[in-house]
Amino acid sequence: MEWQQTGVVLSALRHGETSAIADIFTRQRGRWKGLVRGGRSSTMRPVLQPGNQVQATWRARLEDHLGNFIIEPISFRAARLIDDPFKLAGLTTLTEITQILPEREPHERVFDALQIVLNALEDDDIWPALLVRWEMGLLDDMGYGLDLTHCAATGVNDDLVFVSPRSARAVSASAGEPYRDKLLALPQFLVGGNIVTPSAQDVLAGLELTGHFLTRHIFQARGIPAPESRSWIMAHLKQLAQS
Amino acid sequence: MAQRATGSEIERLIQLLARLPGLGPRSARRAALHMIKNREKLLGPLASALTAAHDNVTVCSTCGNVDTSDPCAMCLDPRRDRTIICVVEEVGDLWALERSAAINCHYHVIGGTLSAIEGVRPEDLNISKLVERAAAPEVKEIVLAVNATVDGHTTAHYITERLKECDVSVSRLAHGVPVGGELDYLDEGTLIAAMKSRRPF
């Protein structure tokens, strides 16, 4: 068995003294783990940093074996972002959340969207909103998608400002008003308004929205905490919104 | 089936040696044989040293270093600069900095890096004690000497946030071209970091 794909490094855990087990996310193969011989060497450690773009060649005798990766670097994204805490938190959040996907299962839309967000990480005005959209896409791909097309109560498709935390369906302002304390806010950039540069407050509401469903369906279900870096992004956005 | 060539005690010694970093079963066998041949000069003293280390080595409650006393010799050393605390991930990093004699300051070992994948949360690291130490009036600077990895820097940024409440300056190690390094042979990540950290010459 052998295949070659471009992918994103999600993690590289130490294996023995010289090797590492790399988790690479590719378009056609999804998340795939393999042994990188010499993965702890001074030449390979910079390559195996989360977020880096690599060319991965996987070989094994049988498909269900762990197999060996041969990794060639394409882009050292981590090195570009490592000094900026906000960008680094974005990178860490993306690579950590991607690891909730099941292994060896293609998630092409998630991969394509991940590429877009990773490439936008240099621009702080854009990537936080893209992160929210990416998380929505990921939830959708995992079968927990939000239905923001029309109001769950009245069926209207305008003035949608809330989301039901239980059904993940949009609720219009008039129908949701009596329950506003129990409903999640739906930022307008997710339903067509000010798509390009939403405010920090809107992005924060978006992260609270996706965070609720990620926690409910994935983190809590698996008994794992939400990434610390994601909380850090939210705290930073809260500061921006207040200033 | 191959017969065993040695007694159970020697087999046990080989098995334990093979678990040490850098040693596999074959090199463990060679090491064991070498020690047995030098029983008086090596095996006995090594056994005594191991017993003494086992009985006396402790983790310093102040800085997280390993030593035979608590507080450790470094924390008690009056010749060290008390105004600077150098933060490292592991004791091995502390030893590396000490070997280089690059700085004569106090240290703080946090014991790893934050990692959601490996389930390492801030409360699992020795960070609260660092904040406590940084709050002391004599401390002026915290040097974050963490590894230049995504996990290392995520941890460094977290520590910087925690230290905002303390009246200290926070610095980190430079990234760039190592002494003796040739640009042609450096990885792109190092070159990017070096170019970003360029300074007037």
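Chain naming here is simple, since letters A, B, ... match the order of the sequence lines and numbering starts at 1 in each.
Residue B/Asp167 qualifies as open at atom CG: its count of foreign heavy atoms under 6.0 Å is 12 or below. Surrounding NE2 of B/His175 are more than 12 heavy atoms belonging to other residues, nucleotides or ligands, all under 6.0 Å away. By the neighbour-count criterion of 12 heavy atoms within 6.0 Å, atom CD of A/Glu2 is densely surrounded, having more than that number from other residues, nucleotides or ligands. With a 6.0 Å radius and a threshold of 12 heavy atoms from other residues, nucleotides or ligands, B/Lys196 has its NZ atom above the threshold. Counted within 6.0 Å of CZ on A/Arg216, heavy atoms from surrounding residues, nucleotides or ligands total more than 12; the atom is thus considered enclosed. Enclosure of atom CZ in A/Arg37 is not indicated, since only 12 or fewer non-hydrogen atoms of other residues, nucleotides or ligands lie within 6.0 angstrom. With a 6.0 Å radius and a threshold of 12 heavy atoms from other residues, nucleotides or ligands, A/Arg222 has its CZ atom above the threshold. Surrounding CZ of B/Arg30 are at most 12 heavy atoms belonging to other residues, nucleotides or ligands under 6.0 Å away.
In terms of the ring pair (Phe, Tyr, Trp, His ring centres under 6.0 Å) criterion, A/Trp134 has no residue partners (sequence neighbours excluded).
Contact residues of residues 120-129 of chain B toward chain A are B/Arg121, B/Pro122 (heavy-atom distance under 4.5 Å).
Among A/Ala235, A/Ser75, A/Ala226, A/Pro225, the residue making the largest number of heavy-atom pairs under 4.5 Å with chain B is A/Pro225.
With B/Glu188 contributing its side chain and A/Phe76 its backbone, the two residues share no donor-acceptor pair below 3.5 Å. Listed for the A/Glu17 side chain is a donor-acceptor partner under 3.5 Å among the backbone atoms of B/Gly22.
Looking at A/Asp83, both its backbone and its side chain come within 4.5 Å of chain B, counting heavy atoms on both sides. At a 4.5 Å heavy-atom cutoff, the contact between A/Leu13 and chain B is made by side-chain atoms alone. For A/Leu91, the part lying under 4.5 angstrom from a heavy atom of chain B is the side chain only. The contact between B/Ala148 and chain A is made entirely by backbone atoms, counting heavy-atom distances below 4.5 Å. Neither the backbone nor the side chain of A/Ala89 comes within contact range of chain B; no heavy atoms are under 4.5 Å apart.
Residues B/Asp151 and A/Gln49 have side chains not in contact (no heavy-atom distance under 4.5 Å, counting atoms from C-beta outward). The shortest distance between side-chain heavy atoms of A/Thr43 and B/Asp187 does not fall below 4.5 Å.
Checked against B/His157 for a side chain to side chain contact (heavy atoms under 4.5 Å, CB included), the options A/Ile82, A/Asp84, A/Thr92, A/Leu88 give a single hit: A/Leu88.
B/Glu161 contributes atom CD, which lies 9.0 Å from atom NE2 of A/His236 (distance to the nearest 0.5 angstrom).
The heavy-atom pair separating A/Ala78 from B/Val150 by the smallest distance is CB-CG2, 3.6 Å.
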